[in-house]
2 protein chains.
Amino acid sequence: MRLSKRGEYGLRAMLMLATPAVDGRTPIIQIREISEREKIPGKFLEQILLALKNAGVLHSKMGVGGGYYLARPASEIILGQIIRVLDGPIAPIKCVSQMAYEACGCPDEETCGLRLIMFDVRAAMSAILDETSLEDVTKRVDAKRALLGR
Amino acid sequence: MRLSKRGEYGLRAMLMLATPAVDGRTPIIQIREISEREKIPGKFLEQILLALKNAGVLHSKMGVGGGYYLARPASEIILGQIIRVLDGPIAPIKCVSQMAYEACGCPDEETCGLRLIMFDVRAAMSAILDETSLEDVTKRVDAKRALLGR
DNA sequence: TCAAAAGTCTATACAATCTGTAGACTTTAT
DNA sequence: ATAAAGTCTACAGATTGTATAGACTTTTGA
């Protein structure tokens with residue numbers, strides 16, 4: 001039931017790109033800087049960001065002063081999208097996946113106990129991951145920081 | 001975010017062992033029969049059941065008329081226990097695991113956005129998996145079967 | 001115009017985990 | 001004694017996860 005390193009690194013990078021700069025806008029940042037600040041292997045991060053770009057959640061600019069930036073406002077990018085791009089379906093078992101359903105081969109899916117439960121688990125995960133935007137997260141972090149005085 | 005085949009097969013087998021026989025009691029069943037009925041590779045299932053036995057949730061009897069059976073009433077065996085034995089911690093990321101916590105290396109765990117979210121995800125999963133017993137599942141299956149008339 | 005800074009793309013390597021198989025062994029009932 | 005069952009260890013093959021390499025393209029600005 002684990003998030004892969006790809007997913008983890010990708011989410012961390014997206015979160016960094018979603019954190020407003022001093023001017024209040026979402027920044028443009030180079031692979032190199034993300035990699036150093038978050039201690040992510042640079043070449044690995046490169047692939048991850050590229051995948052996110054090809055999926056349409058990031059844009060990039062080549063050349064001097066270039067880098068990656070969010071394709072849309074942070075309030076419109078949902079965690080579930082990011083995870084699906086990098087790690088595939090969220091469902092614990094294929095037969096309860098909404099996005100990538102596949103039969104599991106049990107005699108009667110309607111009365112399969114495992115499926116009944118995993119359906120609920122998927123729903124619970126989705127209720128969080130498909131309802132939370134990058135902005136929701138950065139705001140929560142801000143709130144917590146203020147609370148702790150850091 | 002996937003349950004492994006080990007976990008899946010193990011849960012299916014446990015569910016089968018938790019389904020009361022005609023006398024209303026929890027049955028004793030041979031590896032072979034479980035393997036055939038659930039279409040699980042026999043030798044693979046053998047390892048899985050052995051692990052569950054060593055973890056104390058199953059008992060076994062050798063020799064003629066032997067087989068596996070639940071170590072406790074189905075109402076006292078929780079899905080989360082089974083999954084942890086076969087698949088390890090439930091948490092999507094180590095730094096939010098209750099049973100197997102490990103630092104993830106971010107500068108400040110208290111204000112790590114990823115951690116904030118994954119903590120909620122873990123809690124949501126745990127709320128289901130650590131609160132549902134094998135009996136809860138078999139009863140739900142019965143209810144659904146009755147509803148559908150099968 | 002050209003050099004440096006940045007991203008793009010494909011291939012590949014290595015390790016870990018997952019899934020499954022093999023076989024020799026022990027225990028128990030009849 | 002024999003057959004039916006579980007026990008235990010090793011290992012093999014495939015897949016996935018993690019990471020590195022290197023050659024390429026685009027852009028800026030000196």
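Letters A, B, ... are given to chains in the order of the sequence lines, protein chains preceding strands, and every chain is numbered from 1.
Atom CD of B:E38 and atom P of C:dT19 are 17 Å apart (whole Å). The distance between atom CD1 of B:I31 and atom P of D:dA4, rounded to the nearest whole Å, is 15 Å. As rounded to whole Å, 11 Å separates atom C1' of D:dC8 from atom NZ of B:K53. Atom-to-atom, CG of A:D87 to P of D:dG17 comes out at 7 Å; the value is rounded to the nearest Å. One can place CG of B:L86 at 11 Å from P of C:dT19, the figure rounded to the nearest angstrom. For A:E8 and D:dG17, the CD to C1' distance is 13 Å, given to the nearest whole Å. Rounded to an integer number of Å, the gap from CD1 of A:I29 to P of C:dA6 is 13 Å. For the pair B:K39 NZ and C:dT19 C1', the computed distance is 19 Å after rounding to whole Å.
No more than 12 heavy atoms of other residues, nucleotides or ligands lie within 6.0 Å of CZ in B:F119, so this atom counts as exposed by the packing criterion.
Of the two residues contacting DNA chain C, namely A:L50 and B:R6, the nearest-nucleotide position lying further toward the 5' end is that of A:L50.
When atom types are taken as modelled, the side chain of A:D136 and the backbone of A:S133 share a donor-acceptor pair closer than 3.5 angstrom. Side-chain atoms of A:T132 come within 3.5 Å of backbone atoms of A:I128 as a donor-acceptor pair (strictly under, hydrogens ignored). Using a distance-only test at 3.5 Å, with no hydrogens or angles considered, no donor-acceptor pair links the side chain of A:E131 to the main chain of A:S126. Under a 3.5 Å cut-off, the side chain of B:S35 and the backbone N or O of B:I40 do form a donor-acceptor pair. A:T138 places a side-chain N or O within 3.5 Å of a backbone atom of A:E135 that can act as its donor or acceptor partner.
Grouping the Ile, Leu, Val, Met, Phe, Trp and Tyr side chains by contacts below 4.5 angstrom, directly or via other members, places A:F44 with A:I82.
Across every non-hydrogen atom of A:C104 and A:E109, the tightest pair is N-OE2, 3.9 Å.
Contact between the side-chain N/O atoms of B:S60 and the OP1/OP2 oxygens of D:dA5 is not found at any separation under 4.0 Å. At the phosphate of D:dT18, OP1 or OP2 sits under 4.0 Å from a side-chain N or O atom of A:S4.
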Could you tabulate the donor-acceptor pairs under 3.5 Å formed by side-chain atoms of residues 12-19 of chain B, not counting sequence neighbours?
residue: B:R12; atom: NE; partner: B:E8; partner atom: OE2; Å: 3.3
residue: B:R12; atom: NH2; partner: B:E8; partner atom: OE2; Å: 3.0
residue: B:T19; atom: OG1; partner: B:L15; partner atom: O; Å: 2.8

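Using a 4.0 Å cutoff on non-hydrogen atoms, no part of residues 90-101 of chain B comes near DNA chain C.
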Produce a footprint string for nucleotides 19-28 of chain D: one letter per nucleotide, 5' end first; B if the base is under 4.0 Å from any protein heavy atom, S if only the sugar-phosphate is, - if neither.
-> BBBB--BBBB
